[in-house]
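Shown next, in structure tokens, is the structure this report addresses.
Numbers here simply count residues along the sequence, with the first being 1.
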Amino acid sequence: MKLRSKAAALLLLALAALLLALLSLRAGRAEPPAPPARPASAPQRHPAPAPDRLPGPGVFPGARPRARRRRPPRPRPRAGRRGAASLEKLARRPGELRSFQDVLPPELWIHLAVVACGNRLEETLVMLKSAILFSHRKIQFHIFTEDSLKPEFDKQLRQWPDSYTKKFEHRIYPITFSVGNPQEWKKLFKPCAAQRLFLPVILKDVDSLLYVDTDVLFLRPVDDIWKLLRHFNATQLAAMAPEHEIPKIGWYSRFARHPFYGSAGVNSGVMLMNLTRIRSAQFKNSIIPTGLAWEDMLYPLYQKYKNAITWGDQDLLNIIFYFNPECLYVFPCQWNYRPDHCMYGSNCKEAEREGVSVLHGNRGVYHDDKQPTFKALYEAIRDFPFQDNLFQSMYYPLQLKFLETVHTLCGRIPQVFLKQIEKTMKRAYEKHVIIQVGPNQMH
């Protein structure tokens, strides 16, 4: 009996030990092992138990972010593509291809103004086309024109393809002069040209503005000249290029009968303006000892110098900045490249190094045969079908046309005209192939 009692007791002890082992094993599965002890100096962290399913973004408010798997480093984007690529990524929604321009707030748009009267309709439309072909950011066009041209401007711009019309908005304004005699202003130099002097007064809700003449062509994105606003110091409120690179052969230094800026004067065909600063500034002048606001200064200044000025509103701007030189930022000639820079020999060093950025075909060179290089560029942009390939339908035909101009002084330096436009086309091609088609689809 004693033997049997002992055997039964041993059996009960074995069963109890087995039961305890099973309980401890089950508890071990329910609770994860504690993390290894950290050094005393390191803060203690207690990770939350992992859920049965990994939460998607925004599913569990307050939940801690899961640890990311380390991925192999991606190749860095090429210089100049990083900012645009980031904006493209931000703008897209699942299942929808969108451009970053669609979500760009209006305060980040570029504002471009032009004044067109008389027979300047086609020339103005070609200028606007060159701005849209290469630019990245959305542009607000401010078109000042006569009543007879308004319907045609509106009709032509609305006929452009959707892929381009979504890159801009346009507004058409009448020709108005807030001070003085309107007819007198309208006849100053060229029809309506004096309108640009009144842009700070009319565009009260616009902070900064790029004004260009109708005979201007952009050979690179408008974004690039817009960035020059960042170069202004605390006193500068406008930017223009010199009228001539060599003062002793420039027009102002030889013939002007009025004060002008610097040693050679400035050309107002391409003018970048901080309108907010212009509206709030008091300008030194030769009329009264104290400063005058921009609008209050215009007509008295014109009355004083009207018998001495030749180039109208440009001369008035030269007089203003002669008395206020600290207010002007002077950008290089590549941003306002004119026949004067090559017809007497190449004298724009910046264009020789970097290429022409903004072409200014003054003297009517787009419409005669005096400067065939300028005319070839104008016709190439005018005749380019919007949806065609830029290299095949613009760049290569342009190169062939340039071969016919080598007998002219401007035609002897074709690389000056082609350098920036080639860079711009390459960037546009890379954007189309890499961003829209995708690198994984390229062979």
Side-chain angles (χ1 to χ4, degrees), residues 98-176 190-193 195-196 198-199 202-203 205-206 208-226 269-271 358-361 366-367 377-390 393-394 421 424-425 428 432:
R98 302 177 71 209
S99 167
F100 72 89
Q101 297 157 357
D102 296 334
V103 293
L104 198 64
E107 59 268 22
L108 295 181
W109 292 10
I110 294 170
H111 289 264
L112 178 64
V114 64
V115 179
C117 289
N119 61 350
R120 300 285 179 152
L121 174 68
E122 181 194 275
E123 204 171 71
T124 306
L125 288 169
V126 176
M127 180 276 291
L128 297 175
K129 184 179 181 180
S130 73
I132 287 300
L133 278 176
F134 306 124
S135 294
H136 306 306
R137 287 166 66 174
K138 205 160 185 176
I139 304 178
Q140 175 71 57
F141 293 146
H142 302 274
I143 304 169
F144 292 81
T145 190
E146 298 166 309
D147 292 340
S148 59
L149 293 178
K150 286 181 184 179
E152 195 61 27
F153 267 116
D154 198 56
K155 174 186 172 183
Q156 293 287 340
L157 291 172
R158 294 184 189 279
Q159 286 178 351
W160 289 1
D162 290 343
S163 56
Y164 287 93
T165 56
K166 70 181 182 181
K167 296 174 67 176
F168 73 91
E169 290 185 6
H170 72 279
R171 185 176 176 186
I172 302 176
Y173 305 79
I175 301 297
T176 56
K190 291 182 180 179
C192 310
Q195 181 71 78
R196 88 182 81 184
F198 294 86
L199 297 180
I202 299 170
L203 302 176
D205 296 329
V206 177
S208 296
L209 182 75
L210 174 62
Y211 167 85
V212 295
D213 286 347
T214 60
D215 51 9
V216 160
L217 294 174
F218 295 96
L219 305 187
R220 65 189 288 182
V222 182
D223 313 51
D224 295 337
I225 189 171
W226 190 255
V270 180
M271 185 176 180
V358 179
L359 192 74
H360 185 181
Y366 296 151
H367 312 293
L377 273 163
Y378 175 81
E379 292 178 346
I381 295 175
R382 182 195 65 190
D383 300 338
F384 171 71
F386 273 107
Q387 306 288 21
D388 278 16
N389 181 283
L390 280 168
S393 300
M394 184 188 292
I421 201 169
T424 300
M425 288 182 182
H432 175 77

Using side-chain heavy atoms (C-beta onward) and a distance below 4.5 Å, is Ile172 in contact with Phe141?
no

May I have all residue pairs that pass side-chain hydrogen bond (donor to acceptor under 3.5 Å, both in side chains) and include part of residues 380-390, sequence neighbours excluded?
Asp388-Ser393

Between Tyr164 and Phe386 (side chain of the first, backbone of the second, donor and acceptor by atom type, cut-off under 3.5 Å), is there such a pair?
yes

Do side-chain atoms of Thr424 reach the backbone of Leu219 as a donor and acceptor pair under 3.5 angstrom?
yes

pair Ile225-Val270: side-chain heavy atoms closer than 4.5 Å:
yes

Candidate pair Phe144 and Leu203, rule side-chain contact (heavy atoms from CB on, under 4.5 Å), full reasoning
CA-CA 11 Å; Phe144 292 81; Leu203 302 176; 4.1 Å; yes

Work out which heavy atom in Val216 is nearest to a heavy atom in Gly269; give both atom names and the distance.
CG2-O, 3.9 Å

Pair Lys150 + Asp154: basic N to acidic O under 4.0 Å:
no

Determine whether a donor-acceptor pair (N or O, by modelled atom type, separation under 3.5 Å) exists between the side chain of Thr214 and the backbone of Thr124.
no

Residue pair Leu359, Asp215: steps toward the side-chain contact (heavy atoms from CB on, under 4.5 Å) verdict
CA-CA 8 Å; Leu359 192 74; Asp215 51 9; over 6 Å; no

Output, in order, the C-alpha distance, side-chain angles, deciding distance and verdict of side-chain contact (heavy atoms from CB on, under 4.5 Å) for Ile421 and Phe134.
CA-CA 9 Å; Ile421 201 169; Phe134 306 124; 4.2 Å; yes

Going from NE2 on His170 to CG on Leu128, what distance comes out if it is rounded to the nearest 0.5 angstrom?
10.0 Å

Can you see which heavy atom on Met425 is nearest to which on Met394, and at what distance?
CE-SD, 3.2 Å

Just by distance, with hydrogens left out, do Tyr378 and Glu122 show a side-chain donor and acceptor under 3.5 Å apart?
yes

Residues Trp160 and Ile132: closest non-hydrogen pair is CZ3-CG1, 4.2 Å

So, does Glu146 use its side chain to make a donor-acceptor pair with the main chain of Gly118 at under 3.5 Å?
yes

Could you tell me which non-hydrogen atom of Cys192 sits nearest to which non-hydrogen atom of Val115, and how far apart they are?
O-CG1, 3.2 Å

Of the non-hydrogen atoms in Ile139 and Leu112, which two are nearest, and what is the gap between them?
CG2-CB, 4.0 Å

Atom CD1 of Ile202 and atom OG1 of Thr176: how far apart are they, to the nearest 0.5 Å?
3.5 Å

Separation between CD1 of Ile381 and CE of Met127, rounded to the nearest 0.5 Å
11.5 Å

To the nearest 0.5 Å, atom NE2 of His111 lies from atom CG of Leu199 at 13.0 Å

From Ile110 CD1 over to Phe168 CZ, what is the distance, rounded to the nearest 0.5 angstrom?
14.0 Å

Anything under 30° is parallel, anything over 60° is perpendicular, the rest tilted; go ahead and classify His142 against Tyr173.
tilted

I would like to know whether Gln195 and Phe198 meet side-chain contact (heavy atoms from CB on, under 4.5 Å); could you show each step before the answer?
CA-CA 6 Å; Gln195 181 71 78; Phe198 294 86; 3.9 Å; yes

So, the side chain of Tyr366 versus the backbone of Gly361: is there a donor-acceptor pair under 3.5 Å, distance only?
yes

Of all heavy-atom pairs linking Thr145 and Ala116, the shortest is OG1-O, 2.7 Å

Rounded to the nearest 0.5 Å, how far does CZ of Phe384 lie from CD of Glu379?
16.0 Å

